[in-house]
Structures are given as C-alpha cells and as structure tokens.
Amino acid sequence: MDIKDKVVIMIPAYNPDEKFLFFLGKLKESGYKKIIVIDDGSVEEKKHFFDEAVENYNCALVSHSINLGQGRAYKSGFNYYLSKTKEEYKDTIGIIQCDCDGQHCIEDVNKCLELLNNNPNKFILGVRNFSDKSIPFRSRFGNKCTTFMFKAFCGLDIEDTQTGLKGIPCSFLPDLMETQGERFEYASSVLLETKRKGIEILQFPIETIYINNNETSHFNPLRDSIRIYSLILKYLLSSISAFVVDIIMYSIFLALFKELYPQTYVIISTYLAKIISCTYTYMVNKKIVFENHSRKMSIAIKFAILCIIQSTLSGFLTNGIVMWLGWNEVLSKIIVDTVLFFVSFKVQDRWVFAKK
C-alpha cells in the first residue's frame, strides 16, 4: 500500500482563487488520491473552483450554505472523514490538514505524512520560522504574542500556534469534534485539547511562503486575536473581578480583626476573604471560562482543595512578608496573589475543570 493512500488531505476554503486549484494539482501530481475540500459558504462567483476540485481532482466536497468559520469547517471535514472510515477511508491513519492559499509546499506535506506514519499517536505541526523578515509583520507579531501566552499560561512551547499544516491521528478526531471554537480561535483550542488529553505534539520546520504579503488571508488581526485569546482573556477578567472582591473583603476583615488577633489577623482575614472570592470564582470559571457544565461533585471538591491550598499559601506568605519585612498588608497580598494567579490558572485548566 502506497504511504500516500494511508492519509486523507483535508483543505477548508472560503472564497478561494487559482492558488487553490494549483495546490490541488501539485497534490495530485505527487500521488495523493484522497482529498476532502470544505466550501465554507463561499460566494457564488467562487463556486466553480469547488466544481473543478470535484470534477478534475476527484475531491470529496463538504459544503456550508453560509460562512461558519474555520473551526466549524474543520469539524465538518472531520465528521465527513469519520463517517467514511468503514468504507473508502478504512485503512487510513488520519488526516493531513492544509491551507488552500498556496502556503504549503508539497515537500512539507510529504514530511508531515512521513512523521504521522512513524508517529501515529502524535499530533504533528508544521511550524514556520518567524524570525524570517519576509513574513508579514502582523503574522510575526501575532504569532510571537500567542506563543508567549501559551507558554506562560498553558505550559505549551509551540513555535507556530496558527499553522495550517497539521497531521492528525484518526483516534484524536472525535475529541476535536467536541473542542470549543468555531472560527480562528479553534486552532488554539485544539492545542489546549492536546494538553488535556496528554497527546504529544511533534513539531517540524516548514518553508514559509507568503504570496502578495498574504493579502488573501481572511484573518482579522483585532477581531480574531480576541477570539484566539478568548479563554485566557475570560480567565483574566474573571480573576481580576475576583481579585477585587478578595481585596475588598480582605481589607474589611483586617480592620475587624487587627486589634483582636494581632499575631494572626492577616491569616484569618485571608481565609475569610478567600471563602467569599473562591465561591464567586468557582461559579464564573466553571460556567463561563472553562465551560464545564458537569454537575459532578468531584469538580467542586477539586476546586475546594485548590482554594484551601491557595488560601494557605497566600495567608502564610503574606503574613511572613508583613512580619519579617514590615511591608503593608494589602501590598504584600497583591504581590503574593499575583504569583499564585498563574499557578491557579494551570491547575484549573488541567485538573479542576479538565474535560476527561
């Protein structure tokens, strides 16, 4: 069996141009026979490109009547592939996901296939070199910001978070069907899902090709960056509001207990304030940030354990700073809780609200 028959190429497209057909021609010349293209609600004037893909390149076509976004297009393609795994795709090991705008060279597609074939349980990423000054500024800047955020908040050291070239094992696709995100933010959610599922990410360098400064990209720097960072932004907003509640209650309890318990008033105030702020945080993070609607008591128990540990660390570390260094009680708490903020995010994402 030819190695190229072991994968299905999947290409989502929205209002493609001639580069789409050129890339399909290169794939066909290279020996790829199983190709799925997704028309994500393209305008009528662009429909002929998909007709040619079916007639001249023997592609399977999945269509959206309106534009639903990159994430939804991927999910529709995954669903079509999974529905055919007992038929024409029964001997395949997974999908090679590609962009439609001519950014991938066939040699890199072949390399992605080789790595997926040799590592059938790993998630393969073709990563661009963003130190290359020929890459448009918005792409370089956006990727550097996203890379930093993922490493700082999620512990994922990804060189290219928005790459369109991926090798995805068949066994991982059902999980990706349920991963949140409908548009450009979906790529970020997929990376977080690999972390939750313990799937190893294998990265390899690819050639960086930008045609006419990537002017055909449908990526909106402001709108889509907000979507990409949505999980982290929601957590930041949740944490800032909870932090305000915590500091206000902490200050009130300090005033109440400072004279009564001069040796332990900082610790007592910390615990009481945390009970209130943690209750607020749990409700917001569970339903809005991590979107875990499970009613399992284990989630509440895990969060309670996290809050107890976090409160204890916050109380004793803050008390130590106040007693040993003589710093202001509120300032000391702000410093300590800022450090604990990053740790708490990772614990909540990977343990408390993780979707098993």
Side-chain angles (χ1 to χ4, degrees), residues 144-158 192 195-196 229-292 297-354:
K144 287 181 179 179
C145 290
T146 310
T147 297
F148 170 78
M149 296 285 274
F150 267 80
K151 192 169 185 178
F153 284 91
C154 311
L156 282 169
D157 191 3
I158 305 296
L192 293 175
K195 189 73 174 179
R196 293 190 186 104
Y229 301 142
S230 60
L231 174 64
I232 295 173
L233 288 173
K234 284 189 291 185
Y235 179 72
L236 284 171
L237 292 174
S238 164
S239 297
I240 289 171
S241 59
F243 183 73
V244 171
V245 171
D246 193 30
I247 291 297
I248 290 174
M249 298 309 302
Y250 174 72
S251 300
I252 292 173
F253 289 131
L254 282 178
L256 291 175
F257 297 114
K258 188 169 185 177
E259 297 297 329
L260 292 173
Y261 306 102
Q263 298 299 318
T264 58
Y265 73 100
V266 171
I267 295 174
I268 293 173
S269 299
T270 297
Y271 274 114
L272 293 176
K274 279 295 183 184
I275 290 173
I276 296 171
S277 65
C278 281
T279 301
Y280 165 84
T281 303
Y282 174 76
M283 292 187 294
V284 173
N285 284 6
K286 182 176 185 294
K287 295 183 178 181
I288 298 177
V289 179
F290 297 101
E291 298 184 8
N292 188 313
M297 184 60 66
S298 60
I299 295 177
I301 293 173
K302 288 178 182 178
F303 191 80
I305 293 171
L306 173 62
C307 284
I308 291 170
I309 295 173
Q310 190 174 353
S311 299
T312 301
L313 290 172
S314 176
F316 281 93
L317 289 174
T318 301
N319 188 63
I321 292 174
V322 172
M323 294 298 180
W324 298 334
L325 302 179
W327 290 8
N328 175 270
E329 298 97 330
V330 176
L331 175 61
S332 300
K333 179 176 172 59
I334 291 174
I335 294 172
V336 170
D337 283 1
T338 298
V339 176
L340 294 176
F341 162 84
F342 293 97
V343 178
S344 178
F345 175 84
K346 292 182 179 180
V347 175
Q348 289 181 60
D349 180 48
R350 302 180 195 178
W351 182 54
V352 179
F353 299 111

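Atoms considered below: every heavy atom in the structure, side chains included; atoms not considered: hydrogens, waters and symmetry mates.
- Atom CG in Leu272 sits 4.5 Å away from atom CZ in Phe253 (nearest 0.5 Å).
- Residue Thr270 is tested with Lys333, Met249, Gln310 for a side chain to side chain contact (heavy atoms under 4.5 Å, CB included); the sole match is Lys333.
- A distance of 11.0 Å separates CG of Leu340 from CD1 of Ile309, quoted to the nearest 0.5 Å.
- With rounding to the nearest 0.5 Å, the separation of OG in Ser311 from CD1 in Ile267 is 11.5 Å.
- Across Val266 and Gly315, no two heavy atoms sit closer than the pair CG1-O, 4.2 Å.
- For the atom pair CD of Gln263 and CD1 of Ile268, the computed distance is 11.0 Å after rounding to the nearest 0.5 Å.
- With rounding to the nearest 0.5 Å, the separation of CD1 in Ile275 from CD1 in Ile308 is 9.0 Å.
- The side-chain heavy atoms of Tyr250 and Thr318, taken from C-beta on, include a pair separated by under 4.5 Å.
- Here the rule is side chain to side chain contact (heavy atoms under 4.5 Å, CB included) with Ser332, and of Asn319, Leu317, Ile321 only Ile321 fits it.
- Looking at every heavy atom in both residues, Val322 comes nearest to Glu329 through CG2-CA, 3.8 Å.
- Shortest non-hydrogen contact noted between Val336 and Ser314 is CG1-CA, 3.9 Å.
- Residues Tyr265 and Leu256 are not in side-chain contact: their nearest non-hydrogen atoms beyond the backbone lie 4.5 Å or more apart.
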